[in-house]
Structures are given as structure tokens and as C-alpha cells.
Amino acid sequence: MRQAMAAAAVGDDVWGDDPTVAQLEAMAAAMIGKQAALFVPSGTQSNLCALLTHCQRGDEYLIGKDAHAYKYEGGGAAALGGIAVQPLPVEPDGTIALDGIDKAVRPDDFHFARTRLLCLENTFYGRVVPLAWQRDAVAVARRHSLATHLDGARLFNAAVKLGVTPATVAEGFDSVSICLSKGLGAPVGSLLCGTHDFIKAARRWRKLLGGGMRQSGILAAAGIYALQHNVARLAEDHANAALLASALHEVAQVHVDAAMVQTNMVFMTPRAGTATALAQALGTQGILVDPGTTIRMVTHLDVSRDDVLAVADAIRRFYQ
Ligand SMILES: *Cc1c(COP(=O)(O)O)cnc(C)c1O
């Protein structure tokens, strides 16, 4: 990947003439099954460009209350776009009650914000959101003339797990965001995908948000490498996460719901009152942990099967 970055042909992408960025955008659009794509520095900026393009001031979007694009992106849509949000209850499997979506759409009445967009996320906390439900939710949105956006930061994990193409996971959505810098292992970058017209409008917002970059082909080259080499191997991350979950299942002092582990995330709940000491003990062995009621562990291309077994072993020894 570093070699591909060093060798990248570059231009000035603010003027749209960086050939490597153009190549990455075309490649991502084809993989996701949309007309066009826009290379942006981060997933947060990608979702924000989407929200700003779909919604005007005083519009609102519907989204699960634990979704990244609502909970973990600093309220950007409100701060920068005057966009209201209506967060909806979301099930642990990432689904939202269809009649809840239906009822949340506000009538055409000047007392209300205009409901404009439904935003979904897949995978959701490492869980593959069922595609049949996704299709039904998109159909409810369509019935109300809402636009639809998929936060697919981890969409490739869902596709690999299900054994379907990325475009299948992205099907039916007006816009889709994917991240290169999570499981795919690029240092920087996300892509927003949609129609030519949508991406043209989103490109304005990217510039306004400070996301127009110059010789960004150096970064795009890493993304191309990631899409070519690091998608199919996500299956290894999933296998390592399953291995970690089953090893931790043997440790009585921690709770892991192995049935919840579908892709690359394991959520571990240590026995009450032990998280801080556990984190300290693991820290002395070079295993960095953010102590909390629940500890999230994510496998990726820099974590091997041996690493996973070593972590499980260190946790087991701590409680011995
Ligand atoms: C990481 C992530 C994002 C945001 O990406 P950044 O590059 O960190 O801004 C958005 N959505 C989901 C589901 C993510 O996991």
C-alpha cells in the first residue's frame, strides 16, 4: 500500500484533474452500484455531505438512535445545516420497527419540520442488518417520498459475511457512504456514492466543509489498493472475532454474547468493578483497553489469530 501511494500519478483534485482520485471514485461507484462517487477525508464528512445534500434547513431526517451518523458525529447536521433529527428506537440487530418509521414521517403542515430522509447503517455494531428488512424500510421511505442514505462505513464486512456483492447491500439507496480506513486498512478516506447529480451537489458541500484536497491521489492510491486487496480477507477478521468470542466464553468473569458476533466486533462485559484493573493489567502487556461497562474489541488486518489468542489468554490469567 505504501508503495502504491509513493508511485501514484497525481493532479489537483480541487480542479478535478487528479487521475488516481478519479480512478478510485469510478472504482467505488462501480463496486457499490451507483453512477458516481466522491472521495472525502472521513466517514463523518461523507455522512455530513450526504445529509446536507439531501436536506435543506428546517428539514429533518429519521435515523436509529444509536446510529453513528446521529450519535457520534458531533451533531454536524444541526450545527452546520440547520437540519433536525428524529432519532428512532433501534433493535440490537440494527432494525427499526417499520410502522415506527411510517408513523415518524410528519404530515405536510407548517407546524412540523419536513421529513426528508431515512438514514440506515450496515453493519450496525458489527451486526449484519438483514437485507430483507432493509428493502422493506427503503420501501416505507419511498412511499413517503423520502430519500434514503446508507452509512456503509463497514458495508464490506456485511457483504463478505453474507457472500453477496457490495452493490447488493447498497441496493435501493439514493446514497451510500463507505470507509476505506476501517477494516480495509487505508490510512485515510471515505467515499460517498450516488447519482451524477447527487454527487455534483455533494462536491459543493465537500468544498464548503474543507474537504477539497489537492494531490490527494497519494491517499486515493491507498484506497484503490485496499479495495483490490483487503476486501475478501475481511473473512479472516470475522473468523478471528469468532475465535476471540469463543475463547472468552470460557472465562466465567466476563460476559460475551457469542451469538451477537457476526463480523469483526466482540463486545465483552467484565464482572462489575473489575474493568479498570483489567485494563491496567492488560496495559502492562501492551494490550490497550478503553475500560467501560462494555469493552468493544475489533479485529482487523493488523490483528492475527495468535494476537487474538494472546488477548484471550491474558484476560483469562487476570481472573485466575
Ligand atoms: C467510523 C464510522 C463512521 C465515521 O468515520 P470517520 O472516518 O471516523 O469519520 C461512520 N459510520 C460508522 C458506522 C463508522 O463505523
Side-chain angles (χ1 to χ4, degrees), residues 1 4-5 8-9 13 16 18-43 45-47 49-50 53 68-69 119-124 126 128-131 134-135 138 148-200 202-203 206 211 216-238 262-264 300-301:
M1 184 182 278
M5 294 170 79
D13 187 54
D18 185 298
T20 310
V21 172
Q23 188 192 337
L24 172 64
E25 290 177 344
M27 192 177 166
M31 283 176 93
I32 298 302
K34 306 295 171 196
Q35 290 174 2
L38 180 68
F39 183 48
V40 292
S42 69
Q45 190 174 100
S46 187
N47 283 331
C49 282
T53 305
H68 201 285
C119 181
L120 304 179
E121 181 178 319
N122 203 355
T123 61
F124 179 78
V128 180
V129 180
L131 298 190
Q134 221 177 242
R135 272 191 291 278
V138 167
T148 53
H149 173 70
L150 179 66
D151 177 359
R154 303 171 190 277
L155 177 150
F156 291 98
N157 293 94
V160 166
K161 178 66 185 186
L162 292 171
V164 301
T165 63
T168 303
V169 182
E171 212 175 291
F173 290 91
D174 296 309
S175 59
V176 177
S177 173
I178 56 168
C179 282
L180 301 168
S181 66
K182 297 283 175 70
L184 297 189
V188 174
S190 283
L191 288 133
L192 179 61
C193 308
T195 62
H196 290 298
D197 285 347
F198 178 85
I199 292 302
K200 189 175 170 202
R203 199 174 288 278
R206 182 186 70 169
S216 39
I218 293 170
L219 302 173
I224 292 168
Y225 184 95
L227 290 176
Q228 283 170 341
H229 297 96
N230 294 348
V231 175
R233 65 149 307 286
L234 291 171
E236 292 170 38
D237 299 341
H238 302 171
Q262 296 183 346
T263 59
N264 63 337
H300 54 79
L301 75 177

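We number each residue from 1, following the sequence as shown.
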Measuring from atom [atom1] of [X] to atom [atom2] of [Y], what distance do you get when rounded to the nearest 0.5 angstrom?
| X | Y | atom1 | atom2 | answer |
| --- | --- | --- | --- | --- |
| Asp18 | Phe39 | CG | CZ | 9.0 Å |
| Glu121 | Asn47 | CD | CG | 8.5 Å |
| Thr165 | Met31 | OG1 | CE | 9.5 Å |
| Thr53 | Leu38 | OG1 | CG | 8.5 Å |

I'd like to know whether Val129 forms a side chain to side chain contact (heavy atoms under 4.5 Å, CB included) with Thr123, so could you lay out the CA-CA distance, the side-chain angles of the two residues, the decisive distance to 0.1 Å, and finally the verdict.
CA-CA 6 Å; Val129 180; Thr123 61; over 6 Å; no

Between His238 and Asn157: side-chain donor-acceptor atoms closer than 3.5 Å:
yes

What residues, two or more places apart in sequence or in another chain, satisfy salt bridge (Lys or Arg N to Asp or Glu O under 4.0 Å) together with Arg206?
Asp13

If the condition is salt bridge (Lys or Arg N to Asp or Glu O under 4.0 Å), which residues does Glu25 pass it with, not counting sequence neighbours?
Arg203

Given side chains that start at C-beta, do those of Phe156 and Val169 come closer than 4.5 Å, heavy atoms only?
no

Quick one: are Met27 and Gln228 in side-chain contact, heavy atoms under 4.5 Å?
yes

Residues in side-chain contact (heavy atoms from CB on, under 4.5 Å) with Arg135, at least two apart?
Leu131, Ala132

Checking Ser177 against His149 for the side chain to side chain contact (heavy atoms under 4.5 Å, CB included) test, could you report, in this order, the C-alpha distance in whole Å, the side-chain angles of both residues, the deciding distance, and whether it holds?
CA-CA 8 Å; Ser177 173; His149 173 70; 3.9 Å; yes

For residues 180-199, which side-chain donor-acceptor pairs fall under 3.5 Å, sequence neighbours excluded?
from	atom 1	to	atom 2	distance (Å)
Ser190	OG	Gly43	N	3.1
Ser190	OG	Ile178	O	3.4
Thr195	OG1	Phe198	N	3.0

Set of residues satisfying side-chain hydrogen bond (donor to acceptor under 3.5 Å, both in side chains) with respect to Asn122, sequence neighbours excluded:
Gln134

[Y] backbone acceptor or donor facing [X] side chain under 3.5 Å:
| X | Y | value |
| --- | --- | --- |
| Thr20 | Ala9 | yes |
| Gln35 | Ala29 | no |
| Lys161 | Leu234 | no |
| Ser46 | Ser42 | no |
| Gln262 | Val128 | yes |

Which atom pair, heavy atoms only, marks the closest approach of Gly126 to Thr263?
O-OG1, 2.7 Å

Minimal heavy-atom distance between Ala170 and Leu150, with the atoms involved, is CA-CD2, 4.3 Å

Quick one: side chains of residues 216-227, donor-acceptor pairs under 3.5 Å with protein atoms, not counting sequence neighbours, listed by atom name and distance.
from	atom 1	to	atom 2	distance (Å)
Ser216	OG	Arg214	O	3.3

